[in-house]
Amino acid sequence: MPRTRASAVQESERSRPSRAFLRVLYIVLVAQTIALAIAIVLLVQRPAGADSAGAGTPAPASSTPTGSKPTPTPEPLTPGQQLLADAADPAACAVTFAGEGIADPPVLEHLGILYAHLPIPQRDGAVFAGWYPTPEDAAAYTDAARINGADMVACTDQQITLHGSWKTPEQVAAEDVGVPILMYHQFTARPEGEDGWLRGNYAYIGDFDTHMAYLAERQFYLPTWDELSAFIDGRLSLPHRSAIVTDDDADQTWFDLAVPVIDKHKVLATSFMITAYRQDPAPSPYVLRRSHTHDMHQAGDNGDGRMVNWSADEIAADLQASAAVLGVGQVLAYPFGHYNDTAKQGVAKAGFEMARTIEPGYVRAGTDKLAMPTVRINYGMGLDAFIDLVG
């Protein structure tokens with residue numbers, strides 16, 4: 001049967017999608033588009049290495065935030081800085097050394113006390129000429145600027161560099177320096193002096209003050225015993241104006257009258273102590289304690305000192321006892337100035353390097369270290385006489 005127009009229209013209407021169906025389709029397409037866009041964004045922001053992560057395992061967070069710079073590697077510490085870091089002491093001072101042929105490592109010193117660890121470098125064909133605060137002072141051998149164990153430690157920001165210098169052996173020989181070891185005993189506050197047979201031993205404290213003022217004002221170099229030993233060996237040059245101040249016996253007048261003068265003028269001095277009788281701590285940072293023996297400052301069987309009556313072993317045992325009290329051996333003053341070859345053997349056996357006699361003279365290169373001469377200071381010695389002795 002042929003179709004009517006009306007039936008054809010109805011059939012056409014049934015074949016078209018309904019409006020409701022189109023709306024649903026539109027919403028689905030929009031949702032899929034949004035989901036695809038979100039997936040793309042997440043894929044772009046996904047951290048590197050996430051693809052290799054196990055299924056379901058979140059990717060580790062980046063250790064470096066986006067846009068930040070990596071932490072720089074710190075500069076390694078210099079040897080001097082490492083000493084300070086290890087010490088962790090605000091009073092510590094790292095001392096480094098510079099100069100031709102000088103390779104000594106830095107040492108740690110401490111503010112407020114004397115330098116205690118300055119090396120004496122050695123070099124073939126040369127004699128060390130000391131430490132100085134600047135290269136210019138080192139080149140000019142500026143005696144007044146030279147630094148040693150008679151000086152208080154001073155530094156900036158806990159560090160200082162000292163500059164060394166050298167001389168030729170010929171230069172040193174031509175200078176022909178002689179070093180006086182000044183020997184004082186007791187002291188008196190009486191200008192007229194003390195009475196009795198030991199009157200000459202008692203230096204008037206007013207004279208002692210002028211002596212020490214002269215050394216300080218004229219900027220005499222005050223060698224340590226280590227330096228004097230190196231000077232005798234020909235390893236160290238010392239200035240013409242050098243002197244070592246010593247006191248024998250550590251009498252009470254030394255503590256009461258002389259030490260305040262030492263402090264006043266900041267002069268390095270050595271107190272030779274009889275340790276069986278006195279074991280006082282150092283009364284000043286400028287005073288070194290050394291041995292006048294432990295118990296040999298008395299007569300032996302023949303009326304002379306025990307030092308020339310005892311065996312080398314007995315002498316060594318006494319000196320080792322003294323060194324144990326003082327914490328150092330190094331040098332002694334012979335009691336009464338008495339010594340002989342046996343005494344020298346005992347001194348060496350005890351581990352002492354040097355010994356001072358009462359024989360007059362000056363220490364020079366090549367002097368016998370176990371028989372060093374001295375310059376005796378007696379009562380009544382004024383400044384003019386003192387200058388004649390020390391220069």
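In terms of heavy-atom proximity, Pro191 sits nearest to Ala189 at CD-O, 3.4 Å. Here the shortest heavy-atom pairing between Leu114 and Pro285 reads CD1-O, 3.1 Å. In terms of heavy-atom proximity, Arg289 sits nearest to Val328 at O-CG1, 3.7 Å. Across Gly391 and Phe220, no two heavy atoms sit closer than the pair O-CZ, 3.5 Å.
Annotation: side chain of Tyr362 is in contact with side chain of Leu389 (closest heavy-atom distance under 4.5 Å). You'll find the side chain of Val153 stays beyond 4.5 Å of the side chain of His110, heavy atoms only. Residues Leu108 and Cys93 are not in side-chain contact: their nearest non-hydrogen atoms beyond the backbone lie 4.5 Å or more apart. Within the 4.5 Å cutoff, side-chain heavy atoms of Leu215 are placed close to those of Phe386. Two residues are said to be in side-chain contact when any heavy atoms from C-beta on lie closer than 4.5 Å; Phe231 and Pro223 fail this criterion.
The one candidate from Asp256, Thr253, Asn201, Val261 that meets the side chain to side chain contact (heavy atoms under 4.5 Å, CB included) condition with Phe187 is Thr253.
No side-chain donor-acceptor contact under 3.5 Å links Asp143 and Gln219. Counted by atom type alone, Gln158 and Asp89 present zero donor-acceptor pairs between their side chains at under 3.5 Å. Side chain to side chain, His292 and Asp249 meet the donor-acceptor criterion of an N or O pair below 3.5 Å. His297 and Tyr277 form no side-chain donor-acceptor contact under 3.5 Å, judged by distance and modelled atom types alone. A donor and an acceptor atom, one from each side chain of Glu359 and Tyr334, are nowhere located under 3.5 Å apart.
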What pairs of donor and acceptor atoms, side-chain ones from residues 340-347 against any protein atom, are under 3.5 angstrom apart with sequence neighbours left out?
residue : atom : partner : partner atom : Å
Asn340  : OD1  : Thr342  : N            : 3.1
Asn340  : OD1  : Ala343  : N            : 2.8
Lys344  : NZ   : Asp368  : OD2          : 2.7

task: Tell me, with the steps shown, if Leu319 and Lys349 meet side-chain contact (heavy atoms from CB on, under 4.5 Å).
output: CA-CA 9 Å; Leu319 293 178; Lys349 190 169 186 177; over 6 Å; no
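Here the side chain of Asn309 pairs a donor or acceptor atom with the backbone of Asp304 at under 3.5 angstrom. With hydrogens and angles disregarded, a donor-acceptor distance shorter than 3.5 Å links the side chain of Thr188 to the backbone of Arg190.
Interatomic distance, Trp254 CH2 to Phe208 CZ, rounded to the nearest 0.5 Å: 5.5 Å.
Using a 4.0 Å cut-off between charged nitrogen and carboxylate oxygen, Arg123 and Glu100 count as a salt-bridge pair. Checked for salt-bridge contact, Arg376 and Asp248 miss the test: no charged N lies under 4.0 Å from a carboxylate O.
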